[in-house]
2 protein chains.
Amino acid sequence: MSLRHALLGSLADEPRNGYALLKHFEQSLGYAWPASHSQIYPELARLVDEGLIEQTGAGARNSKTYALTDAGLDEIRRWLESTTPERRVRNDATLRTFFLWLLEPEEAVQQLERERDYSAATLAEFRRISDEPTGANRKALTYRIALEGGIRATESRIEWLDWAIEQVRSPKWRSLE
Amino acid sequence: MSLRHALLGSLADEPRNGYALLKHFEQSLGYAWPASHSQIYPELARLVDEGLIEQTGAGARNSKTYALTDAGLDEIRRWLESTTPERRVRNDATLRTFFLWLLEPEEAVQQLERERDYSAATLAEFRRISDEPTGANRKALTYRIALEGGIRATESRIEWLDWAIEQVRSPKWRSLE
DNA sequence: GCACACATGTAAGTTGTTACATGATTAC
DNA sequence: GTAATCATGTAACAACTTACATGTGTGC
């Protein structure tokens, strides 16, 4: 049930409507936990039912602003402190590298290069965000920490992919069955 | 539908029964794509129905050995060459770092340390596997490449977590609201 | 006027988790 | 004999994806 806690945490940040939450997932949280509008809206309704958030406003275009309740703040703190993170992670792109040996070397190199280019674009995006000025409070510094994690993970992945491309391009690889 | 291709790829490796596939996921593939026996067994049945794998043997304890068919090999190659990897990744432990500012500094440090220790154990396990001798063919080198990816990603994560712990422990963090 | 972004919702289908259920072989 | 591992299966539930569906305000 990470989605609900991702929503609670985002609303601890500041009150938002569903669409703003959706954009927040797309630009930030979604790198760790993606969510689509068809998941977000029903979940917000459930969180209201359970008293963890409340609707604090209604704006143009039928928009509904939600804020965290005290119970909601308790709940996200409880989740952070008292539950173990789910460590299982699914990564399709990484899974595919286990099967490189099934491809012709040229094809394998192409796949790795595509992946490297994708990661390079992600890194450029992270660096762009990192260049934006931020506040000097724990919240802003927390986002810096998370972003730094994204940058380092992506840099490391690019280096690994470059190294992998070298391996598959090497005469040794070609000489083997 | 990564699970079915993970199974096909594992059977391209060598014929296996469901239980051996389960163990293979636990020790290797599962770091990129976890799967439980309750998912594996029904999926194997479907793959047989579709002619992508076939049962080639039956052993003690009702075990059933499966092998990839030509159609199955075509299918995994098609998947690797012609479909784009799903880039969305869910990582609960990483999501939680976005909400560190909601915790007391001591509690936040504890959470990060727990995460660092977990990663350190994973890294030790990867290094242990890496020390085992392997063959000199494309298949074995592919597993080396995947493993090297795991090692580098985990090393990078540990460095990031150590850096994050420093940030949260610093007097600056404590001085902010 | 028209395109685009804002804004919310539902429904069907797929995938994944947890729990239930059973039985065989091996090592001590 | 008994515990652990090997071995396979099903069922209920939860989570996620994709598609369907609709309407509002803003900028050109």
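What you are looking at is a predicted structure, and each value in this text was computed from that prediction instead of being measured. Numbers restart at 1 for each chain; the letters A, B, ... are given by sequence-line order, proteins then strands.
Here the P atom of nucleotide C:dT15 and the CG atom of A:Leu95 are 15 Å apart, to the nearest Å. B:Asp92 has its CG atom 15 Å from the C1' atom of C:dG16, to the nearest Å. For the pair A:Ile40 CD1 and D:dC16 P, the interatomic distance rounds to 11 Å; values are reported in whole Å. We find that CG of B:Leu44 is positioned 15 Å from P of C:dT15, with the value rounded to whole Å. Atom NZ of A:Lys64 and atom C1' of C:dG9 are 8 Å apart (whole Å). C:dT17 atom P lies 16 Å from atom CE of A:Met1, rounded to whole Å. The OH-C1' distance, from A:Tyr66 to C:dA7, rounds to 11 Å in whole Å. We find that NE2 of A:His37 is positioned 12 Å from P of D:dA19, with the value rounded to whole Å.
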Pairs under 3.5 angstrom only: tabulate donor-acceptor contacts from the side chains of residues 26-33 of chain B to other protein residues two or more places apart or in another chain.
from, atom 1, to, atom 2, distance (Å)
B:Glu26, OE1, B:Lys23, NZ, 3.2

For residues 120-134 of chain B, please give each side-chain donor-acceptor pair under 3.5 Å, one per line with the distance, not counting sequence neighbours.
from, atom 1, to, atom 2, distance (Å)
B:Thr122, OG1, B:Tyr118, O, 3.1
B:Glu125, OE1, B:Arg128, NE, 3.2
B:Glu125, OE2, B:Arg128, NH2, 3.0
B:Arg127, NH2, B:Glu155, OE2, 2.5
B:Arg128, NH1, B:Glu132, OE2, 3.2
B:Ser130, OG, B:Arg144, NH1, 3.4
B:Thr134, OG1, B:Arg144, NE, 3.4

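Within a 6.0 Å radius of CG in A:Asp49, more than 12 heavy atoms belonging to other residues, nucleotides or ligands are found.
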B:Glu14/B:Lys139 under salt bridge (charged side-chain N to carboxylate O under 4.0 Å, His left out): CA gap, chis, key distance, verdict: CA-CA 11 Å; B:Glu14 57 180 354; B:Lys139 190 170 76 183; 5.7 Å; no

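Within residues 15-30 of chain B, the residues that place at least one heavy atom under 4.0 Å from DNA chain D are, in residue-number order, B:Asn17, B:Gly18, B:Tyr19. At a non-hydrogen distance threshold of 4.0 Å, B:Arg88, B:Arg90 from residues 79-91 of chain B come into contact with DNA chain D.
In this structure a side-chain-to-backbone donor-acceptor pair under 3.5 Å is present from A:Arg90 to B:Pro34.
By the 4.5 Å heavy-atom criterion applied to side chains, B:Pro105 and B:Arg169 are not counted as neighbours. A 4.5 Å side-chain heavy-atom check between A:Arg46 and A:Arg4 finds at least one atom pair inside the cut-off.
When each of A:Glu43 and B:Thr65 is assigned the nucleotide of DNA chain D with its nearest heavy atom, B:Thr65 is the one assigned upstream, toward the 5' end.
Counting only heavy atoms from C-beta on, A:Tyr41 has its side chain closest to C:dA7 among D:dT18, C:dA7, D:dT8.
Among residues two or more places apart in sequence or in another chain, the ring-ring contact (aromatic ring centres under 6.0 Å, His included) test is passed with A:His24 by none. B:Arg87 pairs by the side-chain hydrogen bond (donor to acceptor under 3.5 Å, both in side chains) definition with A:Glu115, not counting sequence neighbours. For the side-chain hydrogen bond (donor to acceptor under 3.5 Å, both in side chains) test, residues two or more places apart in sequence or in another chain that qualify with B:Glu86 are B:Arg88. Remark: B:Arg116 engages B:Asp162 in a side-chain hydrogen bond (donor to acceptor under 3.5 Å, both in side chains) (not counting sequence neighbours). Residues meeting the side-chain contact (heavy atoms from CB on, under 4.5 Å) test with A:Glu159, sequence neighbours left out: B:Arg152.
B:Trp173 belongs to a hydrophobic cluster with A:Leu141, A:Ile145, B:Leu100, B:Val109, B:Leu112, B:Trp160, B:Leu161, B:Trp163, B:Ile165, B:Val168, B:Leu176, counting contacts under 4.5 Å between side-chain heavy atoms of Ile, Leu, Val, Met, Phe, Trp and Tyr, direct or through other members.
Axis angle, first five pairs versus last five pairs of the helix from C:dG1-D:dC28 to C:dC28-D:dG1: 30°, rounded to 10°.
Within 3.5 Å, no donor on the side chain of A:Ser63 pairs with an acceptor on the base of D:dT24, nor the reverse.
One finds the CD atom of B:Glu75 at 3.5 Å from the NE2 atom of B:His5 (value rounded to the nearest 0.5 Å).
Between D:dT17 and A:Gln39, a contact under 4.0 Å exists linking OP1 or OP2 to a side-chain N or O.
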query: With the sugar-phosphate defined as primed atoms, P, OP1 and OP2, and the base as all remaining atoms, what B/S/- string results for nucleotides 22-28 of chain C, 5' to 3', for protein heavy atoms under 4.0 Å?
result: --BBS--

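Using a 4.0 Å heavy-atom criterion, one finds that A:Ser36 contacts the bases of the nucleic acid, with or without backbone contacts as well.
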